[in-house]
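In this text the structure is predicted, and so the values were computed from the model without any measurement.
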Amino acid sequence: QVQVVESGGGSVQSGGSLRLSCVASRYIRNVNCMGWFRQAPGNEREAVAHIDVMRGTTYYADSVKGRFTILQDNVNNTVYLQMNSLKPEDTATYYCAATWDLRCGQPSLSAVDVAYWGQGTQVSVSS
């Protein structure tokens with residue numbers, strides 16, 4: 001059983017920065033893709049950024065390009081989401097995702113394709 005554990009999140013003012021961390025433990029050979037999705041109240045869960053940890057291919061949602069960076073640490077099976085220049089519209093619950101999917105790093109990967117989820121961490125950005 002793959003366990004996905006997140007840390008980070010919190011409340012910041014607009015323009016601030018936060019860093020999320022996620023580690024996928026055990027049976028890591030069953031996972032090639034790790035990333036972050038987010039869900040605001042009343043909205044569907046949407047992809048923010050994901051990375052193929054074997055090939056290094058990355059995907060970013062248009063809304064976060066240039067502000068968010070996904071980083072991988074393969075030694076520790078960890079990915080990070082560095083979030084800069086945060087905006088109120090970034091407010092949501094952020095979920096770490098881990099799965100095996102060759103579409104990782106492409107826009108076509110969606111929440112229904114993810115096998116394993118973290119518990120979610122709240123990010124709140126005030127104006």
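- Counting all heavy atoms, side chain and backbone alike, Asp52 lies closest to Met54 at OD1-N, 2.9 Å.
- Cation-pi geometry between Arg19 and Tyr80 is met: under 6.0 angstrom from the ring centre, within 45 degrees of the axis.
- Shortest non-hydrogen contact noted between Pro88 and Ser14 is CD-OG, 3.8 Å.
- To the nearest 0.5 Å, the span separating CG on Asn32 from CZ on Arg103 amounts to 11.0 Å.
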I'd like to know whether Arg67 forms a side chain to side chain contact (heavy atoms under 4.5 Å, CB included) with Tyr60, so could you lay out the CA-CA distance, the side-chain angles of the two residues, the decisive distance to 0.1 Å, and finally the verdict.
CA-CA 10 Å; Arg67 301 188 297 121; Tyr60 293 95; over 6 Å; no

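- Under the side chain to side chain contact (heavy atoms under 4.5 Å, CB included) test applied with Thr91, the options Val125, Val12, Leu86 reduce to a single match, Val125.
- The closest donor-acceptor contact from the side chain of Ser21 to the backbone of Ser7 lies at 3.5 Å or more, if one exists at all.
- Closest heavy-atom contact between Arg45 and Ala111: O-CB, 4.0 Å.
- With hydrophobic clusters built from ILVMFWY side chains whose heavy atoms lie under 4.5 angstrom apart, Leu81 shares a cluster with Ile51.
- Ring pair His50/Tyr59 is parallel by interplanar angle, where below 30° counts as parallel and above 60° as perpendicular.
- Nearest heavy-atom pair across Ser17 and Asn84 is OG-OD1, 2.9 Å.
- At a threshold of 4.0 Å, the pair Asp90-Lys87 does not count as salt-bridged, since none of the basic side-chain nitrogens sits closer than that to a carboxylate oxygen.
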Check the pair Glu46, Gln39 against side chain to side chain contact (heavy atoms under 4.5 Å, CB included), reporting the backbone distance first and the verdict last.
CA-CA 6 Å; Glu46 62 176 2; Gln39 188 168 18; over 6 Å; no

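- Contact between Ala97 and Trp117 at its shortest, heavy atoms only, is CB-CZ3, 3.8 Å.
- Both Met34 and Leu18 belong to a common hydrophobic cluster when Ile, Leu, Val, Met, Phe, Trp and Tyr are linked at side-chain heavy-atom distances under 4.5 angstrom.
- Summarising the local packing, CD of Glu44 is surrounded by 12 or fewer heavy atoms from other residues, nucleotides or ligands at distances under 6.0 Å.
- No close placement of the Phe68 and Trp36 rings is indicated, their centers lying 6.0 Å or farther apart.
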Does the side-chain hydrogen bond (donor to acceptor under 3.5 Å, both in side chains) test come out yes or no for Gln122 and Thr93, once each step is laid out?
CA-CA 4 Å; Gln122 180 66 35; Thr93 302; 3.0 Å; yes

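- The heavy-atom pair separating Val4 from Ala98 by the smallest distance is CG2-CB, 3.8 Å.
- Between the CG atom of Leu20 and the SG atom of Cys96 there is a distance of 9.0 Å, given to the nearest 0.5 Å.
- Between the side chains of Tyr94 and Arg38, at least one donor N or O sits under 3.5 Å from an acceptor N or O.
- Considering CG of Asn76 and OG of Ser25, their distance stands at 12.5 Å, rounded to 0.5 Å.
- Two residues are said to be in side-chain contact when any heavy atoms from C-beta on lie closer than 4.5 Å; Leu71 and Val79 fail this criterion.
- Considering Leu109, Asp113, Val114 as possible partners of Cys33, the one that fulfils the side chain to side chain contact (heavy atoms under 4.5 Å, CB included) test is Leu109.
- With rounding to the nearest 0.5 angstrom, the OH atom of Tyr116 is 13.5 Å from the SG atom of Cys22.
- Note that CE of Met83 and CD1 of Ile70 are 11.5 Å apart. Values are rounded to the nearest 0.5 Å.
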